Amino acid sequence: MHRPSHPSPTIVLVHGAFTDASSWAEVIALLRNDGRTVLAPANPLRDLAQDAAWIRSVVQGIDVPVVLVGHDYGGAVITQAAADTDNVVALCYVAAFGLDTGECVLDVVNRFAPAPGAGAIVTADLPARTSGRPERGIHLREDLFPQAYAADLPPLVTEVLAVTQRPIACDALTGRSGRPAWTSTPSWYAIATADRILNPTAQRFMAQRMAAAEHVLDGSHAVLMSQPDAVVAMILEAAEQSRCL
């Protein structure tokens, strides 16, 4: 007897710090060529709880199963966003933060040796949203962006990424995670072994902690752009296995 399968899930892609949803462009094209429904909402990069609430609202508006995919800080967002939804059937992390209860992004960063790209980080005031205290954020130095973030992409691409990068608020990096969805949702993790932003050792630690299916890729932090085929292969694996659960 064949086991019943669920409808093909919608793939929701959540970007991380220093970039925007266009970082998923090649992944989106490949998924759409495979007949998949894909959404890539903007991640505000301002506050973990608020960012997760926004992504959760996107997911709750989808009436079929969802595979949530996060890159970098986007991993922290999907970890919290999926905890209060009933249609997320798989989580995929791409060189991303899979936080535990009460943990913040900086807790993971500080637990391991500094990544080589740490010297490219700059802290500055962000445009104020209110008349209150100035909001601080971080971005990468334009001249150091290519080697820190995306050493395996062509210079013409990294030059554009460097001048169009989006800073992330410091509050997003210190926000404490709630109950992690990976404790009850099947998870996959693409470890970028040449990552100079998020220590690959930290990535392995998080992947093993969540008992994720690991895909080891020889790529930079921008592995979603430099190796979109490998990232899509992992997403499709998660999508197909989730249909039989």
Side-chain angles (χ1 to χ4, degrees), residues 13-28 40 43 45 48 51 69-79 91-99 104-123 137-170 172-173 188-207 212 214-235:
L13 307 168
V14 182
H15 68 84
F18 314 128
T19 187
D20 58 27
S22 66
S23 60
W24 293 108
E26 292 296 326
V27 169
I28 292 169
N43 184 359
L45 306 180
L48 180 56
D51 296 345
V69 186
H71 173 240
D72 182 76
Y73 166 74
V77 173
I78 69 169
T79 296
L91 299 168
C92 291
Y93 295 82
V94 182
F97 290 91
L99 302 181
C104 71
V105 167
L106 290 185
D107 287 338
V108 174
V109 171
N110 294 332
R111 188 176 299 165
F112 300 89
I121 294 174
V122 177
T123 304
I138 65 171
H139 63 276
L140 301 179
R141 279 177 47 180
E142 288 182 19
D143 60 324
L144 298 179
F145 186 99
Q147 58 265 46
Y149 190 92
D152 50 0
L153 288 175
L156 287 177
V157 175
T158 57
E159 288 170 9
V160 172
L161 291 172
V163 300
T164 59
Q165 63 177 299
R166 289 184 56 204
I168 183 169
C170 293
L173 306 178
W188 280 255
Y189 199 114
I191 298 169
T193 61
D195 199 324
R196 298 173 65 86
I197 293 293
L198 177 55
N199 191 324
T201 302
Q203 296 182 42
R204 292 188 183 93
F205 164 77
M206 289 183 284
E214 297 181 19
H215 286 238
V216 180
L217 308 180
D218 183 17
S220 71
H221 194 60
V223 69
L224 71 167
M225 292 178 268
S226 63
Q227 296 191 43
D229 293 271
V231 171
V232 166
M234 180 185 73
I235 295 170

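Note that the structure is predicted; figures quoted are calculated from it, not measured.
- More than 12 heavy atoms of other residues, nucleotides or ligands sit less than 6.0 Å from atom CD of Q165.
- No side-chain donor-acceptor contact under 3.5 Å links E159 to the backbone of L156.
- Looking at I235 and L13, their side chains come closer than 4.5 Å, going by heavy atoms from C-beta outward.
- No side-chain heavy atom of M206 sits under 4.5 Å from any side-chain heavy atom of T79.
- Side-chain contact between I191 and L217 is absent, with no heavy atoms from C-beta onward closer than 4.5 Å.
- A148 approaches I197 most closely through the heavy-atom pair O-CG1, 3.3 Å.
- R111 is listed as a side-chain neighbour of F205, based on a closest heavy-atom distance under 4.5 Å.
- Under the rule for a ring pair (Phe, Tyr, Trp, His ring centres under 6.0 Å), Y73 has no partner lying at least two apart in sequence or in another chain.
- Side-chain contact check for Y149 versus M225: some heavy-atom pair is nearer than 4.5 Å.
- For the pair V94/V27, no side-chain contact is recorded, criterion being any heavy-atom separation below 4.5 Å from C-beta on.
- Scored by the side-chain contact (heavy atoms from CB on, under 4.5 Å) test, A95 finds H71, A192, D195, Q203, H221 as partners (sequence neighbours excluded).
- Ring-centre distance between F18 and F145: not below the 6.0 Å cut-off.
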Would I138 and C170 satisfy side-chain contact (heavy atoms from CB on, under 4.5 Å), going step by step from the backbone distance to the final call?
CA-CA 7 Å; I138 65 171; C170 293; 4.2 Å; yes
